[in-house]
Amino acid sequence: MVILRVVFLFSLLVLLTVSSAISVVEFCVADFNYPVGPAGYPCKNPANLTVDDFIFSGLGVPGNNSNPFKLGLTYAIDKTFPALNGLGISMLRQDIAVGGVVPIHSHRVSELILVIDGPIVSGFIDGNNVAYYKTLNKGDIMIFPQGLLHFQVNMGDKPEFFALAFVSLNSANPGFQTTTCSLFANDLPSNVIEKITLLDATQVHKMKELFGGSN
Ligand SMILES: *[C@@H]1O[C@H](CO)[C@@H](O)[C@H](O)[C@H]1NC(C)=O
Ligand SMILES: *[C@@H]1O[C@H](CO)[C@@H](O)[C@H](O)[C@H]1NC(C)=O
């Protein structure tokens, strides 16, 4: 009897511990009138929501690719699709023109890519500097583990070929950090960049011009 009671109490404890980690709301559409915190934005009043709050129609068209990477990106993340707030999921559309790339970048969470139109060379680099990369074709998916640097390159041979892929990430706000922009799109002094990258002054100047950096 005593053992049974102990088992019962233990089960109750486990149940309480588990259920305390479960959200008390079913959804929390972001209210941008308040600042974001570690768990996301505060919720809009559910009385004000309609089905349209749960639909995002922006992924049907290519993003603007007038940039050095020839990359069109469309984001379905918390900022553009507030219903994702708190749900740990997001999605992007990537249109890569010929000669274009998804530049090397990282984020806090993992990413799955689904190739709709390839070929795309796709890869990541792990903490031991091992590069895992391969040419992906239509229908292939690949996982990029959280936090690791990764990239994609359009390998099409026709001038008008656009590579197309959709990615999903396990955060509504993945925290994108693109290495090139981190180095060359701000006011970090050129002489510091030369030291920390071993690039020469001409190369750093060229990249600062291209990405709008100063100093
Ligand atoms: C949200 O709904 C409440 C209650 O129905 C209403 O009083 C309020 O004005 C609404 N707020 C907005 C921003 O529509
Ligand atoms: C595309 O982006 C470029 C560079 O930011 C901008 O000048 C241009 O107006 C944009 N085109 C459209 C159609 O938004």
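These numbers come from a predicted model, not from an experiment. Just follow the structure's listing: the first ligand is 1, and inside any ligand the first atom is 1.
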By side chain to side chain donor-acceptor pair (under 3.5 Å), D52 pairs with (sequence neighbours left out) none

Verify the cluster assignment for V109 and F176: are they in a single hydrophobic cluster under the rule of side-chain heavy atoms below 4.5 Å apart?
yes

Once the angle between the rings of F124 and Y132 is folded into 0 to 90°, is it parallel (under 30°), tilted (30 to 60°) or perpendicular (over 60°)?
parallel

For ligand 2, list the protein residues that place a heavy atom within a distance below 4.0 Å of one of its atoms, sorted by chain and number.
N64, S66

With the threshold set at 4.0 Å, does a side-chain nitrogen-carboxylate oxygen contact exist between R93 and D95?
yes

Can you check whether F151 and F144 have ring centres sitting under 6.0 Å from each other?
no

Counting the benzene-type ring for Trp, do F32 and Y41 have ring centres under 6.0 Å apart?
yes

